[in-house]
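Structure first, commentary second.
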Amino acid sequence: MLGLGNIISPMDKKFQPNDISDCVLALHYGDGLDLSTSDPPKVISWRDQSGAYANPIFASQASAGKRPIHNGSHITFDGGNDRMELHEADLSTDKQITLDTSSNGWTVVAIYSSDNWDSVGQCITGDPDGSTDFIKHKSGANSFEVKVANTLYTLDLDTPSSLTDGQYYSIMVTATAGGTVVLYVDNVAQSDTETISDTADDFDIEQIAATNNGSLLDGNIKHIIVYDKALSVAERTQIQDWAKFYIG
């Protein structure tokens with residue numbers, strides 16, 4: 001195994017995700033990675049950088065045949081088998097991050113690209129035990145689909161135009177305490193907003209870049225950041241100023 005410590009760009013030094021309060025997950029392409037010795041190296045585990053938990057949280061592959069590739073400036077998922085699941089401490093205990101919609105809301109940010117936005121369903125977060133909760137770009141549609149935990153209730157958040165294959169975007173999905181869900185693409189609020197019918201339905205994250213219903217990311221992830229609150233205008237701007245270094 002090849003451990004990868006902190007590869008931090010000058011832009012990273014100006015902002016860290018936990019500079020904003022209530023950060024509960026932060027995965028960076030250059031931090032906390034445990035890599036194989038193969039060429040190219042594959043990601044064995046990816047340690048959370050939020051510092052929100054007493055025990056370390058890892059995103060680890062579902063099995064050796066499902067490891068994404070580390071390409072220096074991003075993590076590549078193959079659209080077929082690659083995925084990462086959240087675990088605690090020694091990787092033997094599954095971890096579920098539950099975001100409370102009814103109190104302060106929640107926010108999921110991903111800086112990622114897809115080689116084919118129209119294929120399958122380009123997943124950001126998912127549930128390894130089923131298909132009841134995830135955020136993904138819908139196949140053949142200019143929209144992102146959001147499902148909250150323990151419900152089949154689905155939100156579709158439309159984008160005014162299609163996303164460009166191979167281009168990185170800052171995708172932010174945020175829910176207010178009242179359950180209003182807004183999609184931001186490169187910090188631009190999309191006009192279509194939706195409301196969660198029951199704010200007691202929280203949002204759960206257990207898996208990165210896949211769900212078990214066949215929604216698999218065919219593309220690259222640079223960062224995933226999760227907050228257990230809806231972000232303010234100033235906080236969204238702070239993230240976007242940092243994200244400009246990675247998108248486009």
Any donor-acceptor pair under 3.5 Å from Y169 side chain to A110 backbone = no

Parallel, tilted or perpendicular: rings of W242 and H28 (30°, 60°) | tilted

Any side-chain donor near an acceptor of the partner, N18 and S50, under 3.5 Å | no

Ionic contact status for E235 with K229, cut-off 4.0 Å | yes

Option passing salt bridge (charged side-chain N to carboxylate O under 4.0 Å, His left out) with K138 (candidates D118, D156, D158) = D156

Checking Q240 side chain against Q238 main chain: does a donor-acceptor pair fall under 3.5 Å?
-> no

Short side-chain to backbone donor-acceptor contact, H137 and Q122, under 3.5 Å = no

T180 backbone acceptor or donor facing T176 side chain under 3.5 Å | yes

Applying the side-chain contact (heavy atoms from CB on, under 4.5 Å) test to I239, which of I20, T107, I111 qualifies?
-> I20

Using a 4.5 Å cut-off on heavy atoms from C-beta on, say whether the side chain of Y246 contacts that of Y168.
-> no

Do any N or O atoms from the side chain of R83 and from the backbone of N81 form a donor-acceptor pair under 3.5 angstrom?
-> yes

H87: which of N55, T93, D94 passes side-chain hydrogen bond (donor to acceptor under 3.5 Å, both in side chains) | D94

Would you confirm whether T159, through its side chain, and N142, through its main-chain N or O, come within 3.5 Å as a donor-acceptor pair?
-> yes

Any donor-acceptor pair under 3.5 Å linking the side chain of D100 with the backbone of S102?
-> yes

Knowing that exactly one of Y29, F15, Y112 qualifies, which makes a ring pair (Phe, Tyr, Trp, His ring centres under 6.0 Å) with H223?
-> Y29

For residues I135 and E145, determine if any side-chain heavy atom of one lies less than 4.5 Å from a side-chain heavy atom of the other.
-> no

Under 3.5 Å, side chain of D48 to main-chain N/O of A26, donor-acceptor pair present?
-> yes

Under 3.5 Å donor-acceptor, D218 side chain and S114 backbone | no

